[in-house]
Amino acid sequence: MRSRGWAMIAGVVAGAVVLGASDLAALATAPESAPITAVGSWLIDIAPPAVKDAMIAAFGTGDKPVLIGILVVLLAIGSAGAGLLELRRRWAGVILMVVVALGVAVAVITRAGAQVDWFGPVAIGTAAGAFVLRLLVGRLRTARDEGTGPSRRSFLVTASVAGAAAAVAVVAGRALAGAAQAADRARALLRLPAAADPAAAVPASADLGIDGLAPYVTPNLDFYRIDTALVVPNVDAAQWSLRIHGLVEREVEITFEQLLALPLVERHVTLACVSNEVGGTLIGNALWLGYPIRSLLEQAGVRPEADMVLSRSVDGFTAGTPLEVLQDAGRDSLLAVGMNGEPLPVEHGYPVRMVVPGLYGYVSATKWVVELEVTRFDAVTAYWTDRGWSAEGPIKTQSRIDVPSRAGTVPAGERMIAGVAWAQHTGIERVEVRVDGGAWQEAALAGSVSDDTWVQWSLPWTADAGEHELQVRATDRTGATQTSEEQGVVPDGATGWHTVRVTVG
Ligand SMILES: Nc1nc2c(c(=O)[nH]1)N[C@H]1C(S)=C(S)[C@@H](COP(=O)(O)O)O[C@H]1N2
Ligand SMILES: [Mo]
């Protein structure tokens, strides 16, 4: 191989050293200060909505590993370029690294909760990488100028050692960062109090027990996850507090201990994401334990001119929720601490999140929540509103066919068509199914605990061999039937009838 090829390898090794050294340094600061993570979360913040929506649509919950992967590839390409530059001209590659590092530094310091010492990882990583680049390209140059072998050999030895050290540092850094998650350990030790106002028992009739049909209550591990956090916030419950301020008579601040000492209620609520396509799976039903937000707002004394609560997460995310929904005595809007009988999983908002029946998550379900600002819709905008989504986000009535699934062939004969339907806080009145554009047939509805959850439905079907098109539509308790008009998820949720084509054989 010619010197240029080796110089590119030198660059890639130096890039790996940047990653390894900065990951280790980030152990002393915060995971969010690691360069790749900081740049990734910065990109998430500034990405045009269309790009974000496409990422979620294409990769769902796997969008973050894909983003990290893209950044690592870009880093490798840029580093190879730095190697070439350095070979052409002494210091040129190092200058490229420093310029990129300055950009990364901007990404780091604009993260929510950033501290000055968060510059440490990028500085240390760049210094280590630049040192390795100079060393390796220096060896190459000597070999080239002298046309001798030994220098090339010492290049290979140095590159291998640096590369191996970088790999070990990346693996160790990631592993130690995971182990250092105090939130995981504290959560494992936490015992939540029993609810003063327990949930209604789930009737056996709520689960039809059909293979492939979403269970009435979604297990925590299967619950969809959507958020902008590249690394899950690691919140110390002992340090956590929630501040209620803004258009209030008196500011209220509540600690985790105080929250747990309040009379808690437990309710089943089905959470849904506005990015859920028709037929999509960004929806789940869980049993939430928490304290009514309405009672906290009462303590603070809301001023009459207010009409919105801007909830803020420790990670900088915000949601704007209509005040009247949060104050509604007939609606259990919760400051939740428990999910399906456990403390909130860290990725679902530990220690505290919001859950509001009937509203999409982006306007209501703030995870790792630390602040409620009582304000006005005409005074402030929330995270997704700034990115082209509607300020208000009531969940649209929807229905989904889970069985039979699109994949594979359905055996001919007596089958069940089954799925779920939801109109949170309004309730599902009726679900209808039609086959091959024929007459609508009413499906049987399973049981449910309240209008705040989805409901399973089923319809027996005599399946004849051939291709068939199945469609579903739901009618809510206001009498409104889902529109057939297809609308994408932007700006306030998808519409249309879920349609599944199956082959019966
Ligand atoms: N801090 C924070 N909270 C957040 C979000 C976020 O990006 N950051 N996303 C919201 C959105 S869009 C949805 S749909 C729900 C999803 O909650 P889950 O991940 O527990 O299912 O969380 C909401 N809360
Ligand atoms: Mo969402």
Side-chain angles (χ1 to χ4, degrees), residues 1-29 31-43 64-108 118-141 143-144 152 154-177 230-231:
M1 205 177 343
R2 311 248 307 275
S3 299
R4 289 165 54 89
W6 291 113
M8 283 160 71
I9 290 175
V12 171
V13 169
V17 167
V18 173
L19 263 194
S22 55
D23 269 6
L24 284 184
L27 290 174
T29 51
E32 299 90 325
S33 64
I36 291 275
T37 311
V39 171
S41 68
W42 182 59
L43 287 179
K64 296 193 185 81
V66 170
L67 174 61
I68 298 282
I70 292 172
L71 287 177
V72 169
V73 169
L74 287 179
L75 174 73
I77 294 171
S79 303
L84 281 178
L85 276 178
E86 187 66 29
L87 180 70
R88 184 168 307 165
R89 214 185 156 142
R90 249 179 261 265
W91 295 106
V94 172
I95 288 172
L96 175 65
M97 286 177 82
V98 170
V99 169
V100 172
L102 289 175
V104 173
V106 173
V108 167
W118 284 26
F119 283 132
V122 60
I124 290 169
T126 307
F131 173 78
V132 168
L133 187 71
R134 292 277 301 150
L135 192 70
L136 288 176
V137 176
R139 302 244 148 115
L140 280 181
R141 197 173 276 124
R144 185 185 61 186
R152 176 142 298 166
S154 78
F155 168 86
L156 282 178
V157 170
T158 313
S160 309
V161 169
V168 168
V170 168
V171 172
R174 301 268 138 168
L176 289 171
L230 208 43
V231 277

Task: CG-CZ distance between L135 and F155, expressed to the nearest 0.5 angstrom - done: 10.0 Å
Open item on the list: For the CD1 atom of I95 and the CZ atom of R89, what is their distance to the nearest 0.5 Å?
Closed with: 8.0 Å
Kindly give the heavy-atom pair with the smallest separation between [X] and [Y], and that separation in Å.
| X | Y | value |
| --- | --- | --- |
| V108 | S33 | CG2-O, 4.0 Å |
| P121 | A25 | CA-CB, 3.7 Å |
| G11 | L133 | CA-CD1, 3.7 Å |
| P35 | V104 | CB-CG1, 3.7 Å |

Task: side chain to side chain contact (heavy atoms under 4.5 Å, CB included) between R4 and R88, intermediate numbers included - done: CA-CA 9 Å; R4 289 165 54 89; R88 184 168 307 165; 4.0 Å; yes
Open item on the list: Side chains of L156 and W6, heavy atoms from C-beta outward: is any pair under 4.5 Å?
Closed with: yes
With a cut-off of 3.5 Å and sequence neighbours excluded, list every side-chain donor-acceptor pair involving residues 67-87.
{"from": "S79", "atom 1": "OG", "to": "L75", "atom 2": "O", "distance (Å)": "2.6"}
{"from": "E86", "atom 1": "OE1", "to": "W91", "atom 2": "N", "distance (Å)": "3.3"}
{"from": "E86", "atom 1": "OE1", "to": "G93", "atom 2": "N", "distance (Å)": "2.9"}
{"from": "E86", "atom 1": "OE1", "to": "V94", "atom 2": "N", "distance (Å)": "3.1"}
{"from": "E86", "atom 1": "OE2", "to": "W91", "atom 2": "N", "distance (Å)": "2.9"}
{"from": "E86", "atom 1": "OE2", "to": "R134", "atom 2": "NH1", "distance (Å)": "3.1"}

Task: salt bridge (charged side-chain N to carboxylate O under 4.0 Å, His left out) partners of residues 11-28, not counting sequence neighbours, each pair once - done: D23-R174
Open item on the list: Apply side chain to side chain contact (heavy atoms under 4.5 Å, CB included) to residues F131 and V17 and explain how you reach the verdict.
Closed with: CA-CA 10 Å; F131 173 78; V17 167; over 6 Å; no
